[in-house]
Amino acid sequence: MEIISQNKTAANTYAIEFTFSAEEFEAAVNTAYNKKKKNITIPGFRKGKATRKMIEAQYGEGVFYEEAVNSLYNNNIVAVVDKTGLEVVDVADTEVVDVNKETGVKFTANIIVKPEVKINDFKGLEVKKTVKTITDEVLNAEIDKLRGRNARIVTVEDRATVLGDTAVIDFDGYLDGEAFEGGKGEKFPLELGSNTFIPGFEEQVVGKNIGDEFDVNVTFPENYQAENLKGKAVVFKCKLHEIKAKDMPEFDEEFVKDISEFDTVDEFKADLKTTLEKAAEERAEQQLDNDLVDALLTKFEAEVPEVMYERRINEIAREWSASNRIRVEDYLKYTGLTMEQFRASFKDIAKKQVDLRLALDQIAVDENIVITDEDIEKGYADLAEQYKMDIDKVKSVLDKDAITGDLKIEKALELVRSNAKIEEITE
């Protein structure tokens, strides 16, 4: 195999021409013959026993050429890419220019490469870290949630519905006077104030008594998943069958002993406050990281090939399908979404992730970040602990180059953070 020419034709694109010699082509043709001969019958020969010359005489000299050309390409394209010395992200527009037993096979292709990246001074990024104070009001609200989760459900018959009740209703939705698919339910338990239904629905159930029949007028959101209902005003004809309410337990020592390891209200509240403060700190750190990434990407300059975003969308879609245990095709069937709409929902996050990786890769280069053998071993050990796997198993599925690249990204992000100007705010 030989690369004849390699020329940059546009940003991130190189046109290359590469060939395989007559000897390489002959070997590929012979391999194709041995692979396919068992399925070829020639009069006077048992199936699979005809010589190559006899088959070529019967079907033409080029009978095995297509198989041979495809195998030359598929078996060698990685080596071709490596030989270019480029950081290739995709091979596009491959064309077979010439096939000749005397001169071999010639291909042309466009090679899409990683973009040139520029980071305009990532040091000194200004971000804020906002930590929410756990006030008595916040603490009491959390205690009320605990009381609610441990509440006894009772049936109410002597009053109208209020927020917090569960209303057992029938509903039947109509668009322009016609019932629409998915708009009907019978004896559905709807917790009022849970924001389970379309905005504005639950509030219109408040104040109703058992046996009441009433209309609920709402408008579907513009981003609703069903195309025929987006932004449409509809009417639900409803009937209230039952009202269920929570009988909240008292927050006292007996309650504390029932739901925790503590004996007193004060001990429980102190521990709960510590837990809430830890959660607030973790949320603040996560938001800080998000804001830091956003600030970094304002310093990012590159013409990123669209194929890099498309590939990341493919990966996210596969991850989504695996985590939700549903095939994308089935999800589209249930929701009425198109594949284009489904993929579009991942576009922003895919772009952000690709741009961030490219930015951090460049910082690792610019700052001469080095990953030691000790770093690699620790990285494997951390992954083994995280996924509860044997370290040798981790090493078998994640090669050294891959983990080295990931560790460089981590160190680059740490460098960005350590050089940031972080203003801490308590609210």
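One-based numbering along the sequence shown.
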Legend entry - Main-chain N/O of Ala350 paired with Gln353 side-chain donor or acceptor, under 3.5 Å: no

Inset, instruction - Return the set of residues passing ring-ring contact (aromatic ring centres under 6.0 Å, His included) with Tyr331 (not counting sequence neighbours), or none when no residue passes. - result: Trp320, Phe342

Inset, instruction - Determine which pairs satisfy side-chain hydrogen bond (donor to acceptor under 3.5 Å, both in side chains) with at least one residue from residues 76-94, sequence neighbours left out, and list them in order. - result: Tyr73-Thr94, Asp90-Arg311, Asp93-Asn110

Inset, instruction - For Ser194 and Thr196, test the side chains for any donor-to-acceptor distance below 3.5 angstrom and give the result as yes or no. - result: yes

Inset, instruction - Please name all residues satisfying ring-ring contact (aromatic ring centres under 6.0 Å, His included) with Phe197, sequence neighbours left out, ordered by chain then number. - result: Phe171, Phe188, Phe201

Legend entry - Taking every non-hydrogen atom, the tightest pair across Val216 and Cys238: CG2-SG, 3.9 Å

Inset, instruction - Using a strict 4.0 Å threshold on nitrogen-to-oxygen distance, state whether Asp348 and Lys352 make a salt bridge. - result: no

Legend entry - Cationic N near anionic O, under 4.0 Å, Arg327 to Asp330: yes

Legend entry - Residue pairs passing the ring-ring contact (aromatic ring centres under 6.0 Å, His included) test where at least one lies in residues 377-427, sequence neighbours excluded: none

Inset, instruction - Would you tell me whether Asn314 and Arg343 have side-chain atoms, one donor and one acceptor, within less than 3.5 Å of each other? - result: yes

Please tabulate, for side-chain N and O atoms in residues 122-131, each donor-acceptor pair with protein atoms closer than 3.5 Å (sequence neighbours left out).
residue : atom : partner : partner atom : Å
Lys129  : NZ   : Glu281  : OE2          : 2.5
Lys129  : NZ   : Glu285  : OE2          : 2.6

Legend entry - Donor + acceptor pair across side chains of Gln362, Asp366 (<3.5 Å): yes

Legend entry - No-hydrogen, no-angle side-chain donor-acceptor test under 3.5 Å, Gln386 and Asp382: no

Legend entry - Any residue meeting ring-ring contact (aromatic ring centres under 6.0 Å, His included) with Tyr14, in chain and number order, not counting sequence neighbours: none

Inset, instruction - Say whether Glu277 and Thr274, considering side chains only, have a donor N or O and an acceptor N or O under 3.5 Å apart. - result: no

Inset, instruction - Check for a donor-acceptor pair, side chain of Asp165 on one end and backbone N or O of Val162 on the other, with a separation under 3.5 Å. - result: yes

Legend entry - Lys/Arg N to Asp/Glu carboxylate O, Asp98 vs Lys106, below 4.0 Å: no

Inset, instruction - Kindly indicate, with the supporting measurements, whether the criterion side-chain hydrogen bond (donor to acceptor under 3.5 Å, both in side chains) is fulfilled by Gln204 and Asn217. - result: CA-CA 8 Å; Gln204 296 179 58; Asn217 294 278; 4.6 Å; no

Inset, instruction - Assess the side chains of Gln6 and Glu17: does a donor N or O sit below 3.5 Å from an acceptor N or O? - result: no

Inset, instruction - For this output row, return yes or no: ring centroids of Phe18 and Phe107 closer than 6.0 angstrom. - result: yes

